[in-house]
Amino acid sequence: MQATLSGKTALITGASSGIGAATARALSQLGASVILAARRTDRLEALAASLDRASTLALDVRDAAAVRGALESLDLDLVVCNAGLGVGVGPLQEGAPEAWDRMIDTNVKGVLHTLRATLPGLLRKGAGDVVLLGSVAGRQVYPGGNVYNATKHAVRAIYEALRLDAGSRGVRFTTVDPGMVETEFSVVRFGGDQAAADKVYAGMRPLDPEDVADAIAYAVTRPAHVNIGELVIWPTDQSSTRDVRRDA
Ligand SMILES: NC(=O)c1ccc[n+]([C@@H]2O[C@H](COP(=O)([O-])OP(=O)(O)OC[C@H]3O[C@@H](n4cnc5c(N)ncnc54)[C@H](OP(=O)(O)O)[C@@H]3O)[C@@H](O)[C@H]2O)c1
C-alpha cells in the first residue's frame, strides 16, 4: 500500500475554508506538497503558515484565462476540484438568474476550467488523482435546491465523462459526494445570515469537514491499481436529502 504522499504535489481549489482547508491539512500531513487556491488569499496565507510544504494561489475558478495561466504549467500529482457554493434556496420560478450564474460558473464551469488546465499534465505523466467534490445533491434533488442540485448532477456527469474520455491511462478519478457538512457553505448560501445557517444543522449532527477530508485521503492513498470511484458520505442523522433526524 502507498503509505504516504511524500514527493507528490496536490492542488486544492477552495482551500480557504471548510472541506478544502481540511483536505489541504490531511494531504499535507500525509507528506504532500500542497498548493492552496481560492480568492481569499489572507485565509490561504494563514493556512499555509500552519502547514509544511504549502504555497498559495489567488484564483477565481470562474476566470478561464486566469485558471489556464495559473495552472497549466504546474507539475501536479493530485487535483482536488473542491471550490463551490450554493446561492439561496427557493422555488425555481422565483429564482435569481445572477445566483444561477454564480453557481453554474463556479460549480460546473470552474471544475471544467480546472480540469482543462491540469488533466493534460496528469495524462502525460500517466499517473495521478483527480478528486471532484460532488454532493448527495448530485444524486437526489430536494425542494428549493433546483440549480445547486443541477450543478452537482453536472459534476457527477463530468466524473462519468472523465472515466470515458481519460480513463485507463494511469490517472484515477474519484467523486466524493457528502451529505450535510458544517462549514461556511450555509453562511455563504444565505448571504451571511448566520442564524439561517445555524438552523440548517439545528438538532442534528452534521459531518465535519475533516470527515470528508479523511475519505479523500483514503481514496488517494490506495495502491496505484485501485481507483475508489464514488464515495457517498452521509451524516448518520441524514437518511436522504429530504430526511434529517433532529432532536425534538
Ligand atoms: N457543506 C456541505 O454540506 C457540502 C455538502 C456536499 C458538497 N459540498 C461541496 O463541497 C465543496 C466545498 O464546500 P464547503 O462546504 O467546504 O464550503 P465553504 O466552507 O464555503 O468553502 C467553499 C470554498 O470554495 C471557494 N470558492 C468559492 N467560489 C470560488 C471561486 N469562484 N473561485 C475559487 N474558489 C472559490 C471558497 O473560497 P473563496 O471564497 O476564498 O474563494 C471556499 O474556500 C463545494 O463544492 C460544495 O458544493 C458541500
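One-based numbering, in listed order, for ligands and for the atoms of each. FYI, the numbering just counts along the sequence from 1. Atom set for the values below is all heavy atoms of this structure, side chains included, hydrogens, waters and symmetry mates excluded.
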ask   = Which of the atoms in ligand 1, numbered in the order shown and given with their element, are less than 4.0 Å from a heavy-atom of D60?
value = 30 (C), 31 (N), 32 (N)

request  = Return a yes/no value for S135: is any of its N or O atoms, backbone included, closer than 3.5 angstrom to an N or O of ligand 1?
outcome  = no

ask   = Under a 4.0 Å heavy-atom limit, does K152 contact ligand 1 with its side chain, its backbone, both, or neither?
value = side chain

ask   = L27 versus T23: any side-chain heavy-atom pair under 4.5 Å?
value = yes

inquiry  = Can you tell whether the side chains of R40 and E184 come within less than 4.0 Å, N to carboxylate O?
reply    = yes

ask   = Under 4.0 Å from ligand 1, counting heavy atoms only, is it the side chain of Y148, its backbone, both or neither?
value = side chain

note = Heavy-atom proximity to atom 5 (C) of ligand 1 ranks first, among P206, C81, G179, G14, for G179

inquiry  = For N227 and R163: C-alpha separation, side-chain torsions, deciding distance, then whether side chain to side chain donor-acceptor pair (under 3.5 Å) applies.
reply    = CA-CA 11 Å; N227 182 173; R163 299 196 71 84; 3.2 Å; yes

query = In terms of residue, atom name and distance, what is the protein heavy atom nearest to atom 16 (O) of ligand 1?
reply = I19 N, 2.8 Å

key: Closest approach of D129 to L122 (non-hydrogen atoms, all atoms of both residues)   = O-CD1, 4.1 Å

task = Would you tell me which option among T106, T183, D42 has the nearest heavy-atom contact to atom 15 (O) of ligand 1?
result = T183

remark   = Counting from 1 in the order shown, the ligand 1 atoms closer than 4.0 Å to a non-hydrogen atom of E184 are 19 (O), 20 (O)

inquiry  = Among all the protein's non-hydrogen atoms, which is closest to atom 22 (C) of ligand 1, and how far away is it?
reply    = G84 O, 3.7 Å

task = Decide if atom CZ of R116 counts as having more than 12 heavy atoms of other residues, nucleotides or ligands within a radius under 6.0 Å.
result = no

query = Which atoms of ligand 1 are found less than 4.0 Å from any heavy atom of L59?
reply = 32 (N), 33 (C)

query = Between L44 and ligand 1, which residue portion shows a heavy-atom distance shorter than 4.0 Å: side chain, backbone, both, or neither?
reply = neither

query = Which bit of M180 gets closer than 4.0 Å to ligand 1, counting heavy atoms only: side chain, backbone, both or neither?
reply = backbone

request  = Could you tell me whether R39 and D42 have a side-chain N and a carboxylate O separated by less than 4.0 Å?
outcome  = no

key: For S16, atoms of ligand 1 separated by under 4.0 Å from a heavy atom   = 36 (C), 37 (O), 38 (P), 40 (O), 42 (C), 43 (O)

ask   = For the atom pair OH (Y148) and CZ (F185), what is the distance rounded to the nearest 0.5 Å?
value = 3.5 Å

Protein contact of atom 34 (N) of ligand 1 - nearest heavy atom, named by residue and atom, plus distance = A83 CB, 3.5 Å

request  = Give, for atom CG of L231 and atom OH of Y218, the distance between the pair rounded to the nearest 0.5 Å.
outcome  = 8.0 Å

remark   = If we number the atoms of ligand 1 from 1 as shown, the ones under 4.0 Å from a heavy atom of G134 are 6 (C), 7 (C)

task = Flag yes if more than 12 heavy atoms outside K199 fall under 6.0 Å of its NZ atom; otherwise flag no.
result = no

query = Does a side-chain heavy-atom distance below 4.5 Å link I35 with I12?
reply = no

inquiry  = Between D177 and K152, does any side-chain N to carboxylate O distance fall below 4.0 Å?
reply    = no

Subset of ligand 1 atoms that lie under 4.0 Å from at least one heavy atom of S17 = 18 (P), 19 (O), 21 (O), 42 (C), 43 (O)

request  = Taking only heavy atoms of G18 into account, list the atoms of ligand 1 that are under 4.0 Å away from them.
outcome  = 16 (O), 19 (O)

query = So, is V181 polar-close to ligand 1, with some N/O to N/O distance under 3.5 Å?
reply = yes

message = Less than 4.5 Å apart, side chain to side chain, heavy atoms only: is that true for V67 and D60?
response = no

remark   = Closest to atom 12 (C) of ligand 1 (heavy atoms only, candidates N82, T23, L133, L47) is N82

query = If you draw a 6.0 Å radius around CZ in R124, do more than 12 non-hydrogen atoms from other residues or ligands fall strictly inside?
reply = no

ask   = Can you find an N/O atom of P178 closer than 3.5 Å to an N/O atom of ligand 1?
value = no

query = For atom 28 (N) of ligand 1, which protein heavy atom lies nearest, and how many Å away is it?
reply = R39 NH2, 3.2 Å

note = So for V61 against ligand 1, with non-hydrogen atoms under 4.0 Å, the contacting part is both

